[in-house]
Number of protein chains: 2
Amino acid sequence: MERTRLMIEEAAPALKLLGDKTRLTIAGMLKNGECCVCEFTEVLEMSQPSVSQHLRKLRDAKLVKENRRGQWVFYSLNENYEAYDLVLSVIDHVSDQSEKLQELEKQGKRIQCE
Amino acid sequence: MERTRLMIEEAAPALKLLGDKTRLTIAGMLKNGECCVCEFTEVLEMSQPSVSQHLRKLRDAKLVKENRRGQWVFYSLNENYEAYDLVLSVIDHVSDQSEKLQELEKQGKRIQCE
DNA sequence: TTATTATATAAGCATATAATTATATATGTA
DNA sequence: TACATATATAATTATATGCTTATATAATAA
């Protein structure tokens with residue numbers, strides 16, 4: 001697999017963003033596609049403002065992109081992020097976070113964002 | 001390639017450690033084998049206590065191990081670190097740091113630790 | 001319009017982090 | 001022994017971080 005080597009200056013900020021349990025979980029949840037903010041708050045079991053502030057950091061760094069649909073905002077990994085390959089690789093070393101979403105769904109706790 | 005998936009709780013601290021330019025450079029320098037503290041200070045161009053404190057963090061987390069030989073202390077990646085595979089993968093996405101050592105050597109600036 | 005829901009932002013606070021300076025420890029040598 | 005070199009630790013300080021509470025904005029519905 002060909003890969004682009006990153007400068008330390010590019011890689012370190014990406015790793016710093018992922019070096020937080022909340023943000024790493026968010027990134028893991030996005031592995032299989034976009035998620036709505038309410039899903040993050042549900043899975044992470046933390047306050048909405050706190051989640052929103054983590055999302056802002058990821059968004060400011062361009063690690064994720066947002067997509068508003070009606071009153072909901074969906075986030076997804078930004079495949080144009082300079083360290084996108086690194087992010088994918090990191091996520092791949094972490095246990096699957098989509099299970100948590102599926103679990104919510106199974107319990108009927110998944111909020112409808114459609 | 002088989003790999004062990006890490007819990008978020010294991011991966012995040014490792015990424016946090018690597019999410020700092022100084023420590024990421026140190027880890028990158030260790031990709032091809034052990035390095036002496038004086039080599040880190042030389043390459044990083046920062047104070048000895050500062051380097052030493054970064055090394056302590058890496059050591060406390062067991063990401064690296066130390067090996068004293070005479071008055072010199074050599075550090076290397078700890079292949080038994082729980083997130084060792086992740087560390088290797090991350091380092092592999094970063095530009096080669098051993099070039100900096102080679103450059104030092106070429107300039108005759110490499111300190112002799114033998 | 002007003003009310004409701006989803007999300008974002010701001011302000012405040014407690015803790016964590018990284019650097020500096022000074023000092024301590026360990027090893028080697030005269 | 002005394003001194004030099006390599007490294008570690010401690011204390012201090014400035015800045016960054018993450019959370020909470022309160023409030024603002026945006027979209028939708030009544």
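Naming: A, B, ... by sequence-line order, numbering from 1 per chain.
- Between the side chain of A/Thr41 and the main chain of A/Cys38, a donor-acceptor pair closer than 3.5 Å is present.
- Taking hydrophobic clusters as Ile, Leu, Val, Met, Phe, Trp and Tyr residues chained together by side-chain heavy-atom distances below 4.5 Å, A/Val90 does not share a cluster with B/Met7.
- Under a 3.5 Å cut-off, the side chain of B/Gln53 and the backbone N or O of B/Ser50 do not form any donor-acceptor pair.
- Taking CG of B/Leu18 as the start and NE2 of B/His93 as the end, the distance is 13.0 Å to the nearest 0.5 Å.
- Cation-pi geometry between B/Arg69 and B/Phe74 is met: under 6.0 angstrom from the ring centre, within 45 degrees of the axis.
- For A/His54 and D/dT17, the shortest distance from a side-chain N or O to OP1 or OP2 is not below 4.0 Å.
- Atom CH2 in A/Trp72 sits 13.0 Å away from atom CD in A/Glu34 (nearest 0.5 Å).
- Residues of residues 9-29 of chain B having a heavy atom closer than 4.0 Å to DNA chain D: none are found.
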Name the atoms and distances for all side-chain donor-acceptor pairs under 3.5 Å in residues 20-28 of chain A, with sequence neighbours left out.
unit_1, atom_1, unit_2, atom_2, d
A/Asp20, OD1, A/Thr22, N, 2.9
A/Asp20, OD1, A/Arg23, N, 3.0
A/Arg23, NE, A/Leu17, O, 2.7
A/Arg23, NH1, A/His54, ND1, 3.1
A/Thr25, OG1, A/Lys21, O, 2.7

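- Atoms CD (B/Glu34) and P (D/dT7) sit 12 Å apart, rounded to a whole Å.
- Within the nucleic acid shown, B/Tyr75 comes within 4.0 Å of sugar-phosphate atoms alone, with no base atom in reach, counting heavy atoms only.
- Between the CH2 atom of B/Trp72 and the P atom of C/dT27 there is a distance of 13 Å, rounded to whole Å.
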- prompt: Along nucleotides 21-30 of chain D, 5' to 3', which nucleotides get a B, which get an S, and which get a -, given that the test is a protein heavy-atom distance under 4.0 Å?
  reply: BB----SS--
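- Residues B/Glu79 and B/Tyr84 have side chains that never bring a donor and an acceptor to within less than 3.5 angstrom of each other.
- Atoms CG (B/Leu44) and P (C/dA18) sit 14 Å apart, rounded to a whole Å.
- In this structure, CD of B/Glu42 is placed 11 Å from P of D/dA6, rounded to the nearest angstrom.
- Distance, B/Arg56 CZ to D/dA11 C1': 12 Å, rounded to whole Å.
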